[in-house]
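Please read the structure below before turning to the comments.
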Amino acid sequence: DPQGAPADDALERATLDVVRRSGFASQPAVISFSRSALAACRALAPEIPRGLLAYRVDEETLVAAARGLDCALILPEKGMLSPALVSRAVDAGLDVATWIVDDPEELDPLAPLGVVGVGSNHPGPLLFDLLAVPVRLTGSPAGLLLGVLALNVASVVGIAVVAARR
């Protein structure tokens, strides 16, 4: 329902209930291609961040739609990403994440763009690639512990940055 047609909000209510019961209501973001689903989530739980997924939508429309829905972030498909889109989004007060990144080599070009996250069907290879660096640097399995610690610290810092921007 990308065009925002009216929808029954039962699914949104159930999803938001699970998020609230988890105790992590300020950490996840409810993401959808459906503008009507995001509008329902905004009405039902304005405190829970929302993100608009997009595929083959022009930059101006995407940013305007996300702002109109009071989204915290946009999630354009990785082929849509450009410095201009990221700049436009950030200027509008939006964070940028992307999808679908399944290959570790796809991460490198995304870092300079300033994306705050990636969606993946297979996060295992991405995590393995990230954790392999500290193991190689230390030359021991202790590097794995250092890598996990670094990822957790980076996650907490990232969450704090996003929360502070809202």
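Keep in mind it's a predicted model, so treat the numbers as computed, not measured.
Taking the charged nitrogens against the carboxylate oxygens, E47 and R20 do have a contact shorter than 4.0 Å, which makes a salt bridge.
For the residue pair E59/S82, the side-chain donor-acceptor check at 3.5 Å is satisfied.
Put simply, L62 and V116 are part of two different groups of oily side chains (I, L, V, M, F, W, Y) that touch within less than 4.5 Å, one to the next.
Here the side chain of T98 pairs a donor or acceptor atom with the backbone of P76 at under 3.5 angstrom. A distance-only check finds no donor-acceptor pair linking the side chain of T61 to the backbone of V57 [under 3.5 Å]. Side-chain N or O atoms of S32 include none that pairs as donor or acceptor with a backbone N or O of L38 at under 3.5 Å. Between the side chain of R67 and the main chain of A92, a donor-acceptor pair closer than 3.5 Å is present.
Legend: ring-ring contact (aromatic ring centres under 6.0 Å, His included) pairs involving residues 93-121, not counting sequence neighbours, sorted by first then second residue: F33-W99.
Interatomic distance, CG of D103 versus CG of D108, reported as 10.0 Å (0.5 Å rounding). Taken to the nearest 0.5 Å, the CG atom of L75 stands 11.5 Å off from the CD1 atom of I100. Atom CG of L11 and atom CZ of R13 lie 12.0 Å apart (nearest 0.5 Å).
Partner L44 forms a side chain to side chain contact (heavy atoms under 4.5 Å, CB included) with one of D9, D17, V30 and no other, that one being D9.
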